[in-house]
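Encoded as structure tokens, the structure appears first; notes follow it.
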Amino acid sequence: MSGDSSGRSVGRIMKKLETAGRQTPSLVSDQATPLRADENARLTALFWGDAHASFLLPSRSAACLAAAKDVAAAESVFDALLLAGDVTENGEPSEYRFMGDCWDLMRDRVKHYIPATGNHDVRIRPIGVTARRFGGFCERVGAPAQKGRLYYAQTVNGYRIIVLGTTRGTFEEAAIDDAQLEFFSRELNAAGEGPVFVLLHQSLKNTHGLPEIFGKPSVSDGDVGAQSDTLREMMNARKNVFLLTGHIHTAFCALSYAKIGNIHSVNVPSLGTVAKNGDYNEPGTGYIIEVFDDRVRFRARDHIRRIDLEQFDFEIALE
Ligand SMILES: [Fe+2]
């Protein structure tokens with residue numbers, strides 16, 4: 001799509017969202033509570049995945065906008081917002097602009113926005129175009145992505161957050177090249193003993209119900225792809241690595257957390273779409289991460305209804 005038609009689509013999507021907004025206020029629950037984080041935590045972060053901002057599928061953008069409004073009304077200020085890829089449905093400039101507009105609503109309540117790319121952000125176009133568009137988005141939201149690359153790292157409150165992303169155009173999986181593996185190795189080694197967070201769109205193979213749960217065996221197994229074993233080995237050599245993924249769109253359920261050797265792998269439902277195969281298949285869901293000296297807590301939230309979902313909360317003890 002050309003820049004001009006993308007520009008026109010912004011107006012179109014905002015019009016559709018206004019209509020959707022008028023239709024959805026009843027989705028905020030009678031039981032709604034303000035979004036908040038434990039003030040004693042050393043690090044607090046919102047963890048979302050698969051926003052899929054789209055001008056063709058406005059319900060997805062409406063879910064993102066509702067979530068942003070929940071954050072804007074939060075009682076707490078969060079240290080970070082981690083988005084595990086599929087920021088957009090089709091990697092279009094207008095979709096990034098929309099997500100940037102959502103970020104503007106949240107700026108006062110979140111200190112650092114740390115997005116990763118997913119397959120929807122990268123597919124169907126040269127990787128250089130994706131890197132330029134994603135780079136522009138990162139610049140707008142203040143993420144320290146490096147020019148031309150989809151991987152970078154940031155320290156927040158002393159905790160290293162490492163973002164990985166494909167190094168060439170792919171349709172479903174990621175391709176992690178040697179330069180990125182070297183970057184990852186350096187980052188893991190430098191991260192010290194404390195918890196380190198790795199943000200990657202796709203999970204490791206044979207985890208979180210894969211490959212069966214993905215349901216598209218002819219296209220992909222739904223995992224990160226050829227470098228899965230290498231990534232697993234690198235992370236497994238350390239303690240207290242938290243791998244944060246999306247892509248599968250599985251709702252909150254027993255499959256959301258997986259202990260893979262030493263690795264704590266957490267798969268978040270889709271923010272923008274209806275989730276599936278889980279116990280709470282609503283859109284607009286994500287985790288609140290609270291890091292303490294001895295543990296990391298994951299709290300589940302429906303940002304559209306503005307309710308905490310305590311039945312899906314869990315805590316991981318640090319070693
Ligand atoms: Fe995806």
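Being a predicted model, the structure only gives us computed values, none of them experimental. In each ligand, atom 1 is the first atom listed, and ligand 1 is the first ligand listed.
Among the atoms of H120, none of the N, O or S atoms falls under 2.8 Å from the Fe ion (ligand 1). Here Q202 does not reach the Fe ion (ligand 1): none of its N/O/S atoms is less than 2.8 Å from the metal.
Side-chain atoms of D121 never come within 3.5 Å of backbone atoms of G91 as a donor-acceptor pair (strictly under, hydrogens ignored).
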Residue pair S265, H208: steps toward the side-chain hydrogen bond (donor to acceptor under 3.5 Å, both in side chains) verdict
CA-CA 9 Å; S265 184; H208 299 289; 2.7 Å; yes
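Closest N/O/S atom of D86 to the Fe ion (ligand 1): OD2. For the Fe ion (ligand 1), the nearest N, O or S atom contributed by H247 is named ND1.
Two rings, from F252 and Y287, have their centers less than 6.0 Å apart.
Between the side chains of H303 and D70, at least one donor N or O sits under 3.5 Å from an acceptor N or O.
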